[in-house]
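What follows is a set of notes on a single structure, which appears directly below.
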Number of protein chains: 2
Amino acid sequence: MGAECKDKLKKIEDVLKGRGVKLTNQRREIIEFLAQADKHLRAEDIYDGLKDRGIGLATIYRNLELLRVNGVVTEISHGKYRYYELRMFSSKCTHIHFKCESCGVMKDIVDKDIIFDIIKIKNELEARHDLTIDDYSFILSGKCGDCKE
Amino acid sequence: MGAECKDKLKKIEDVLKGRGVKLTNQRREIIEFLAQADKHLRAEDIYDGLKDRGIGLATIYRNLELLRVNGVVTEISHGKYRYYELRMFSSKCTHIHFKCESCGVMKDIVDKDIIFDIIKIKNELEARHDLTIDDYSFILSGKCGDCKE
DNA sequence: CTTGATGCAAAGGATTTGCACAAAT
DNA sequence: ATTTGTGCAAATCCTTTGCATCAAG
């Protein structure tokens with residue numbers, strides 16, 4: 001685990017402590033597993049990665065929900081599945097999600113310019129339609145570069 | 001059923017015929033039920049509205065999927081539920097979806113200016129990230145005007 | 001101790017599927 | 001007749017929950 005990752009974990013631990021939530025071994029493993037993934041994961045994916053360490057599926061589900069409520073992970077629903085990603089610095093970071101219908105991968109699109117546009121849209125919607133927006137997600141689906149041809 | 005609605009139904013029927021899909025009674029009822037709803041519906045909502053007419057839940061699910069594949073309805077996943085709406089003239093019409101976490105309603109936000117912005121974002125993402133985007137949805141959640149106070 | 005977290009197995013709930021029957025061509 | 005669609009019930013799959021046990025303060 002790199003220094004940057006350790007740093008993030010430390011920050012997440014602080015967030016949780018401030019909310020009276022313990023960073024148990026299982027929770028740390030789940031967070032680290034999410035941190036090293038290059039795509040979004042379902043509860044079952046995490047379970048497959050961690051079951052050898054004796055972590056049960058129910059624990060994964062319970063903690064993903066706990067981490068979601070405490071702002072550590074973001075949930076993305078698409079079709080019948082729910083995917084999770086580390087939110088890290090949620091207030092600063094908006095994600096765009098892309099699901100490739102060919103290979104099934106669910107990934108982030110990182111694009112600073114466009115994130116800025118999306119935040120503007122969100123703010124405008126809030127003002128124009130008399131809403132309080134707590135959360136939002138922009139999900140696209142189609143074919144990724146590899147599957148396109 | 002108003003004239004405008006009849007017209008839309010006719011157009012949908014044409015689309016389906018062109019794809020070799022029959023407009024059965026059940027399918028027409030599902031489509032009409034979606035057309036008259038002022039919010040997005042789950043399969044179960046449609047079933048509740050149509051079960052007295054002897055339409056089974058499995059038929060609803062099967063046909064929602066069939067209508068989705070044929071471009072007649074759009075599916076919106078949020079948390080554990082999947083909602084459906086009539087797509088009507090999909091290429092011309094982008095929707096923004098809002099779920100109120102207080103009253104649970106899932107609705108469209110109609111806002112022509114912002115839809116234009118979103119389409120631009122979608123096009124830009126396609127070009128900049130080497131993707132083919134077939135579908136996309138912008139889902140927001142929070143509190144609606146009624147629940148806000 | 002006391003409280004909260006975990007693993008396992010069972011339950012729950014949304015969605016899908018198998019099958020016999022009905023509808024349409 | 002043959003094909004396709006439907007209703008019902010059973011099965012499936014993802015997710016949640018109950019409960020006994022474990023870990024931490």
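The figures that follow rest on heavy atoms only: side chains count, while hydrogens, waters and symmetry mates do not. In what follows, chains carry the letters A, B, and so on, assigned in the order in which the sequence lines appear, proteins first and then strands, with residues in each chain numbered from 1.
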Under the side chain to side chain contact (heavy atoms under 4.5 Å, CB included) rule, what do B:R27 and B:V21 come out as? Steps first, then yes or no, please. CA-CA 10 Å; B:R27 287 174 193 163; B:V21 176; 3.5 Å; yes
B:Y47 or B:V21: which one's nearest nucleotide on DNA chain D is closer to the 5' end?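 Counting from the 5' end, the first nearest nucleotide belongs to B:V21.
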Rounded distance in Å - [atom1] ([X]) to [atom2] ([N]):
X: B:K22; N: D:dT6; atom1: NZ; atom2: C1'; result: 11 Å
X: B:N63; N: D:dT4; atom1: CG; atom2: P; result: 15 Å
X: A:K17; N: D:dG25; atom1: NZ; atom2: C1'; result: 13 Å
X: A:Y81; N: D:dT12; atom1: OH; atom2: P; result: 16 Å
X: A:E44; N: D:dT15; atom1: CD; atom2: P; result: 8 Å
X: A:E65; N: D:dT15; atom1: CD; atom2: P; result: 12 Å
X: B:K80; N: D:dT17; atom1: NZ; atom2: C1'; result: 12 Å
X: B:I31; N: D:dG5; atom1: CD1; atom2: P; result: 14 Å

Quick check: are there more than 12 heavy atoms from other residues, nucleotides or ligands sitting under 6.0 Å from NZ of A:K148?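 For A:K148, atom NZ is crowded (more than 12 foreign heavy atoms under 6.0 Å).
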Only one of B:K122, B:R87, B:R68 forms a salt bridge (Lys or Arg N to Asp or Glu O under 4.0 Å) with B:D135, so which one is it? B:R87
Compare side-chain N and O positions of [X] against OP1 and OP2 of [N] and report whether any pair is under 4.0 Å apart.
X: B:T24; N: D:dT6; answer: yes
X: B:R27; N: D:dG5; answer: yes
X: B:N25; N: D:dT6; answer: no

Regarding A:R82, tell me which of base, sugar-phosphate or nothing describes its non-hydrogen contacts under 4.0 Å with the strands shown.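 Sugar-phosphate contact only - A:R82 comes under 4.0 Å of backbone atoms but never of a base.
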Just to be sure I understand the rule, does A:Q26 reach a base, reach only the sugar-phosphate, or reach nothing, if contact means heavy atoms closer than 4.0 Å?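 Here A:Q26 touches the backbone only, sparing every base.
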Report the residue (B:R62 or B:Y84) whose heavy-atom-nearest nucleotide on DNA chain C is the more 5′ of the two. B:Y84
Taking all non-hydrogen atoms of both residues, which atom of A:E75 and which atom of B:G79 are closest, and how far apart?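 For A:E75 and B:G79, the tightest heavy-atom pair comes out as OE2-CA, 3.7 Å.
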Could you give the distance from [atom1] ([X]) to [atom2] ([Y]), rounded to the nearest 0.5 Å?
X: B:R42; Y: B:Y84; atom1: CZ; atom2: OH; result: 11.0 Å
X: B:I121; Y: A:I115; atom1: CD1; atom2: CD1; result: 10.5 Å
X: A:I30; Y: A:Y61; atom1: CD1; atom2: OH; result: 12.0 Å
X: B:T74; Y: B:L67; atom1: OG1; atom2: CG; result: 11.0 Å
X: A:H97; Y: A:E85; atom1: NE2; atom2: CD; result: 4.5 Å

Checking the side chain of B:N123 only, and the main-chain atoms of B:K120 only, is there a donor and an acceptor separated by less than 3.5 Å?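 Checking the backbone N and O of B:K120 against the side chain of B:N123, no donor-acceptor pair under 3.5 Å is found.
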Does any residue of residues 53-61 of chain A have a heavy atom under 4.0 Å from DNA chain C, and if so, which ones, in number order?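 Those residues are A:G54, A:I55, A:G56, A:A58, A:T59.
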Could you give the start and end, 5' to 3', of the contact zone on DNA chain C for chain B, using atoms under 4.0 Å from its heavy atoms?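 Result: C:dA14 to C:dG18.
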